[in-house]
Amino acid sequence: MAPPSNEESELQTLNPTIIPGLPNDLASLILIFVPYSHHSRLKSICKSWNLFYSSKSIISLREKHHLPSPLLCIFPQDPLISSPYLFDPINLAWCPLPPMPCNPHVYGLCNFTSICVGPYLYVLGGSLFDTRSFPLDYPCPSSSVFRFDFVNFMWEMLSPMINPRGSFACGAMLDKIVVAGGGSRHTMFGAAGSRMSSVEMYDIVKDEWVSLDGLPRFRAGCVGFFVGNGGEEREFWVMGGYGESRTVSGVFPVDQYYRDVVVMEMKNGGGGKWRELGDMWEEGERWRLGKIVVVEDDGPSDAPAVFMLDRGDIFRYKMSSNGWIKETSLPRKTSDEASLGFVALDGELHVMTHLSGVKSKECQRLRQQKRSATILIQIYHPRKKSWRSVTTKPPFHHPLDFKTTVMCTIRL
């Protein structure tokens, strides 16, 4: 029999007995099969299980046995006062996370970005209200950065961004995080707020930010992702967003949305110059960019698969022609197509909505049974070109507003 690995040796030394009557290596193998969404509840069983599920080696041990499970982290409201939740789509299980460290001077955090790198969840920037600023009802951008450790199950505060921002493009590669554009807009205001063009890169190991070459023009509300082969040379793509605003009849502010794409070539772990690829659609074809998700492992090529949800239809982005082609449509339409959650999870596209907004006889029956808070998840597999659906009862006391809810995919 092969000697135990470093991870297994560490777990075996946590406690003389993990499961009475079984060797610790076998007990460890049994317990790692329990989905991560149930770990927090199992920690209270006994001291040895608490030590076992708090070990830093458990995630690497799950990877060794090919057990990492896709999870979805959902921020229903301001994470400073409302707990985010992990959702396990395979087991339809929910697990609360602790709220972020509270700051008594700020409230109403929104338009922040969450991204997962390894066993850590990062929450960056956003827009909020600060009681120390004037006027009190004017939103301010945030430069704060928080990180959640899934092993220790706790938050920590990291070095802030050089420039505060919300509604910005963000992407991660290896041990770096890049943010671009953004502004101070808050969900309570229309086309108000500032815009910016600055770009920064965060070094996870050094816990420091450095400035990169700025975007060609002011851009907020944009989407960012990396394209490359996983090596040192990659490209950071930024698409969509809005710039300046105009007024209708001199009163109502209206955003001017961008149709173009800009790309920065990343060399040797640093940034380069931006190049512009032009518009992704013609004038009048569509008003703005829809919700975007990126599937990293869609095929053997270096380029990820980029999908857009737009009014009940899903489009695929063609990098060769810088355009969108229709991929499929939702099997079950919704009455409010703007309030749809759209995420990529384990190579599949998940479209989330409340059953109360689905146009079907089944929905009407469920609504009569007062189950309108139930979430319907329609799941599309890009390779198989097939749909399936599941329903889940979320633990929230109010329906999720997918227009403002922040979601992030995780593998643990």
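Closest heavy-atom contact between Pro216 and Val262: CG-CG1, 4.0 Å.
Ion pairing between a basic and an acidic side chain is recognised when a charged N comes within 4.0 Å of a carboxylate O; Lys403 and Asp401 show no such pairing. Contact check on Arg217 versus Asp260 returns a salt bridge, with a Lys/Arg side-chain nitrogen under 4.0 Å from an Asp/Glu carboxylate oxygen.
In this structure, CD1 on Ile314 lies 7.5 Å from CD on Glu327, to the nearest 0.5 angstrom. Taking CG from Leu121 and SG from Cys73, the interatomic distance works out to 5.0 Å, rounded to the nearest 0.5 Å. The line from OG1 of Thr391 to CG of Leu92 is 7.5 Å long, rounded to the nearest 0.5 Å. Note that the OH atom of Tyr258 and the OH atom of Tyr242 stand 11.0 Å from one another [nearest 0.5 Å].
With 3.5 Å as the limit, one finds a donor-acceptor pair spanning the side chains of Ser198 and Arg165. The closest side-chain donor-acceptor pair between Tyr317 and Asn322 falls under 3.5 angstrom. The closest side-chain donor-acceptor pair between Tyr202 and Asp207 falls under 3.5 angstrom.
In this structure, His186 has its ring center closer than 6.0 angstrom to the ring center of Phe129. Between Tyr85 and Phe396, the gap from one ring centroid to the other is short of 6.0 Å. Checked against the 6.0 Å centroid criterion, the rings of Phe148 and Phe153 qualify as a close aromatic pair. For Phe75 and Phe112, the ring centers are positioned less than 6.0 Å apart.
Ring-plane geometry between Tyr257 and Trp287 is classed as perpendicular, the angle between the planes exceeding 60 degrees on a 0 to 90 degree scale with a lower cut at 30.
For the pair Arg62 and Tyr36, the cation does not sit on the ring face, since its NZ or CZ is not both under 6.0 Å from the ring centre and inside 45° of the axis.
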> Would Glu348 and Lys384 count as a salt bridge (charged side-chain N to carboxylate O under 4.0 Å, His left out) if you check the C-alpha gap in whole Å, the side-chain angles of each, and the deciding distance to 0.1 Å?
Replying inline: CA-CA 10 Å; Glu348 295 180 313; Lys384 299 179 180 179; over 6 Å; no

>> Please evaluate residues Asp255 and Arg185 with respect to the criterion salt bridge (charged side-chain N to carboxylate O under 4.0 Å, His left out), reporting the C-alpha separation (whole Å), side-chain torsions for both, the decisive distance (0.1 Å), and the verdict.
In response: CA-CA 12 Å; Asp255 285 316; Arg185 169 177 295 184; 2.7 Å; yes

>> Using the rule given for salt bridge (charged side-chain N to carboxylate O under 4.0 Å, His left out), can you reason through Arg259 versus Glu283, listing the C-alpha separation, both sets of side-chain angles and the distance that settles it, and then say yes or no?
In response: CA-CA 9 Å; Arg259 305 192 303 269; Glu283 181 75 32; 2.8 Å; yes

